[in-house]
Amino acid sequence: MDFFSSASGRNITFVRPEYFIISGFIGIPNMKYYYVFLFFLYVISVLGNTAVMVVIYLDHNLKTPKYVAVFNLAFVDLLGSSALVPKVIDIFLFNHYNISYNDCLTFLFFCYTCLSMQALNLVALSYDRLVAIIYPLHYQVKVTHKFMFSLIASFWIIAIIALLTVVGLLTRLSFCKSVVINSYFCDHGQIYRLACNDYTPNDVIGRLLTFLILYLPLIIILCSYICIGKALAKVATVQERVKALKTCSAHLSLVAITFIPIMITFAMGAGIDPNARIINLSLTSVLPPMLNPIIYVLQTHEIKVSMKRILKFRRQSKILVK
């Protein structure tokens with residue numbers, strides 16, 4: 001129980017601050033233009049992800065297990081961007097740097113839950129590609145709607161429980177010194193390091209969460225593509241290999257833009273400049289949700305065909321009305 005004990009009993013007065021202060025960039029002028037840029041990325045993200053969700057919902061040909069995962073990814077991107085960007089705009093463009101204690105923990109919960117689900121959703125899509133290429137004849141049996149819904153639901157449960165644990169552990173901390181968070185949002189690592197009492201449990205859960213939502217999903221995805229590569233090496237013709245790889249191109253692009261920037265940031269650790277860290281993490285939070293729908297529209301044949309069909313139907317409807 002000592003591991004989860006609060007400041008009481010250790011000659012430390014327990015202090016739960018009324019608010020935190022989000023500092024943002026340090027010593028860089030005219031950074032308001034950067035936040036305006038983030039807002040435009042957010043608008044594109046909302047339009048793109050909404051369009052993908054609408055297309056999947058309207059076209060019965062896209063109601064397959066794979067597109068259940070794609071729909072969920074678009075939903076998570078939309079939710080994550082909406083949880084982060086409007087609040088960041090409010091903080092830095094309208095100078096509302098103070099954020100209440102409860103609002104800060106809620107902000108943290110939604111941002112990290114959506115970030116976790118982005119990574120876990122890519123695991124679901126990698127499994128879909130693995131079975132489709134290695135076991136094409138058994139795909140309909142191994143990847144069903146029920147299985148995909150169950151897999152995604154389990155990922156949501158894991159992410160929510162993990163982040164509720166993170167938030168719960170933060171509530172045991174006492175903040176008797178600074179309340180300034182050196183980040184652009186309520187960053188978990190930046191918050192618990194402000195505590196006066198022992199934050200070892202928070203450090204442990206932070207490292208564990210990083211492994212569960214970052215390193216482990218990436219390891220699983222890489223292993224799945226190693227298996228795919230071995231299977232494709234046995235295919236007789238080059239054309240068949242190229243065709244199989246094309247079906248993975250959209251997913252591989254999403255994996256790259258999601259994991260590479262954040263992996264660089266974590267690899268540099270404390271050695272990275274605070275401002276560079278904020279730029280890298282903020283772009284990592286906003287760029288993938290914006291690019292994901294664009295990548296799927298441009299690189300996925302089914303969605304392109306579906307969008308053309310829907311647009312053609314709308315044009316015909318307008319002509320009939322006229």
Side-chain angles (χ1 to χ4, degrees), residues 17 19-45 76-77 79-101 103-116 118-119 163 166-167 170 175 177-195 199 202-203 206-207 209-210 213-215 256-292:
Y19 58 86
F20 287 104
I21 300 172
I22 310 295
S23 66
F25 291 97
I26 302 171
I28 302 180
N30 300 319
M31 286 311 299
K32 289 188 176 182
Y33 296 109
Y34 177 74
Y35 297 114
V36 173
F37 170 68
L38 290 183
F39 177 74
F40 281 113
L41 295 185
Y42 168 67
V43 171
I44 297 172
S45 174
V76 169
D77 287 342
L79 181 62
S81 297
S82 298
L84 177 69
V85 179
K87 189 63 179 177
V88 169
I89 298 301
D90 178 60
I91 291 171
F92 295 105
L93 287 188
F94 298 99
N95 302 321
H96 297 154
Y97 300 105
N98 294 2
I99 178 170
S100 70
Y101 179 85
D103 286 349
C104 191
L105 295 189
T106 303
F107 189 22
L108 180 151
F109 172 80
F110 279 103
C111 289
Y112 276 96
T113 298
C114 293
L115 178 63
S116 303
Q118 286 173 354
L163 268 301
V166 168
V167 172
L170 284 175
F175 300 90
K177 297 178 183 177
S178 175
V179 292
V180 179
I181 301 173
N182 295 319
S183 187
Y184 67 103
F185 78 117
C186 292
D187 194 336
H188 176 247
Q190 300 298 319
I191 292 176
Y192 77 72
R193 291 187 179 91
L194 297 174
Y199 56 73
N202 306 83
D203 187 58
R207 294 177 187 276
L209 190 64
T210 300
I213 70 172
L214 183 63
Y215 294 109
I257 64 174
T258 300
F259 284 99
I260 291 177
I262 198 168
M263 290 291 290
I264 292 173
T265 303
F266 275 91
M268 294 182 69
I272 188 171
D273 180 78
N275 291 329
R277 182 178 183 276
I278 291 175
I279 290 177
N280 202 358
L281 289 179
S282 59
L283 289 177
T284 302
S285 301
V286 179
L287 276 178
M290 184 206 72
L291 293 175
N292 288 353

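Nothing fancy with the numbering, it's 1 onward along the sequence.
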J.: Is Met263 close to Tyr215 at the side-chain level, that is, under 4.5 Å between some pair of heavy atoms?
T.: yes
J.: Could you tell me if the side chain of Leu38 sits less than 4.5 Å from the side chain of Leu283, heavy atoms only?
T.: yes
J.: side-chain hydrogen bond (donor to acceptor under 3.5 Å, both in side chains), that's the test. Do Tyr35 and Asp90 meet it? Break it down for me.
T.: CA-CA 10 Å; Tyr35 297 114; Asp90 178 60; over 6 Å; no
J.: Side chains of Phe109 and Leu105: closer than 4.5 Å at any heavy-atom pair?
T.: no
J.: Does Phe185 form a side-chain contact (heavy atoms from CB on, under 4.5 Å) with Leu108? I'd like the steps, not just the answer.
T.: CA-CA 8 Å; Phe185 78 117; Leu108 180 151; 5.7 Å; no
J.: Could you check whether any side-chain heavy atom of Pro274 comes within less than 4.5 Å of a side-chain heavy atom of Asn182, counting everything from C-beta outward?
T.: no
J.: Run the disulfide (SG to SG under 2.5 Å) check on Cys186 and Cys111 step by step: do they pass?
T.: CA-CA 9 Å; Cys186 292; Cys111 289; over 6 Å; no
J.: Please report the interatomic distance NE2(His188) to CG(Asn202), rounded to the nearest 0.5 Å.
T.: 5.0 Å
J.: Evaluate side-chain contact (heavy atoms from CB on, under 4.5 Å) for Val36 paired with Leu93, printing each intermediate quantity in order.
T.: CA-CA 8 Å; Val36 173; Leu93 287 188; 4.1 Å; yes
J.: Tyr97 and Asn95: which non-hydrogen atoms are nearest, and at how many Å?
T.: OH-OD1, 3.1 Å
J.: Just verifying a value: how many Å separate Gln190 CD and Ser178 OG, rounded to the nearest 0.5 Å?
T.: 10.5 Å
J.: Tyr34 and ring-ring contact (aromatic ring centres under 6.0 Å, His included): which single residue from Phe25, Tyr184, Phe40 fits?
T.: Phe25
J.: Roughly how far, to the nearest 0.5 Å, is CD1 of Ile99 from NZ of Lys87?
T.: 4.5 Å
J.: Can a donor-acceptor pair be found, under 3.5 Å and without considering hydrogens, that links the side chain of Ser100 to the backbone of Tyr19?
T.: no
J.: What distance separates Asn30 CG from Lys32 NZ, expressed to the nearest 0.5 Å?
T.: 10.0 Å
J.: For the pair Phe20 and Phe175, name the ring-plane relationship: parallel under 30°, tilted 30 to 60°, perpendicular over 60°.
T.: perpendicular
J.: Would you compute the distance between atom CD1 of Ile91 and atom CD1 of Ile22 and round it to the nearest 0.5 angstrom?
T.: 5.0 Å
J.: What verdict does the side-chain hydrogen bond (donor to acceptor under 3.5 Å, both in side chains) test give for Asp103 and Tyr101, after you've listed the backbone C-alpha separation in whole Å, the side-chain angles of each residue and the deciding distance to 0.1 Å?
T.: CA-CA 6 Å; Asp103 286 349; Tyr101 179 85; over 6 Å; no
J.: Evaluate the side-chain proximity of Leu281 to Ser183: yes if any heavy-atom separation is below 4.5 Å, no if none is.
T.: no
J.: For Phe259 and Ala119, work out which heavy atoms get closest and say how close.
T.: CZ-CB, 3.9 Å
J.: Could you check whether any side-chain heavy atom of Leu194 comes within less than 4.5 Å of a side-chain heavy atom of Val180, counting everything from C-beta outward?
T.: no
J.: Nearest 0.5 angstrom please: Leu79 CG to Leu84 CG, how far?
T.: 11.0 Å
J.: What verdict does the side-chain contact (heavy atoms from CB on, under 4.5 Å) test give for Leu163 and Leu209, after you've listed the backbone C-alpha separation in whole Å, the side-chain angles of each residue and the deciding distance to 0.1 Å?
T.: CA-CA 9 Å; Leu163 268 301; Leu209 190 64; 4.2 Å; yes
J.: Is it true that a side-chain atom of Ser45 and a backbone atom of Leu41 form a donor plus acceptor pair closer than 3.5 Å?
T.: no
J.: Do Arg277 and Asn280 have side-chain heavy atoms sitting under 4.5 Å apart?
T.: no
J.: Looking only at heavy atoms, what is the nearest atom pair of Gly206 and Thr210, with distance?
T.: O-OG1, 2.8 Å
J.: Which atom names give the shortest non-hydrogen contact between Ser82 and Pro86, and what distance separates them?
T.: O-CD, 3.2 Å
J.: Evaluate the criterion side-chain contact (heavy atoms from CB on, under 4.5 Å) for residue pair Tyr112 and Asp187; output intermediate values, then yes/no.
T.: CA-CA 9 Å; Tyr112 276 96; Asp187 194 336; 2.8 Å; yes
J.: With side chains defined as the heavy atoms from C-beta onward, is the minimum distance between Gln118 and Pro289 less than 4.5 Å?
T.: yes
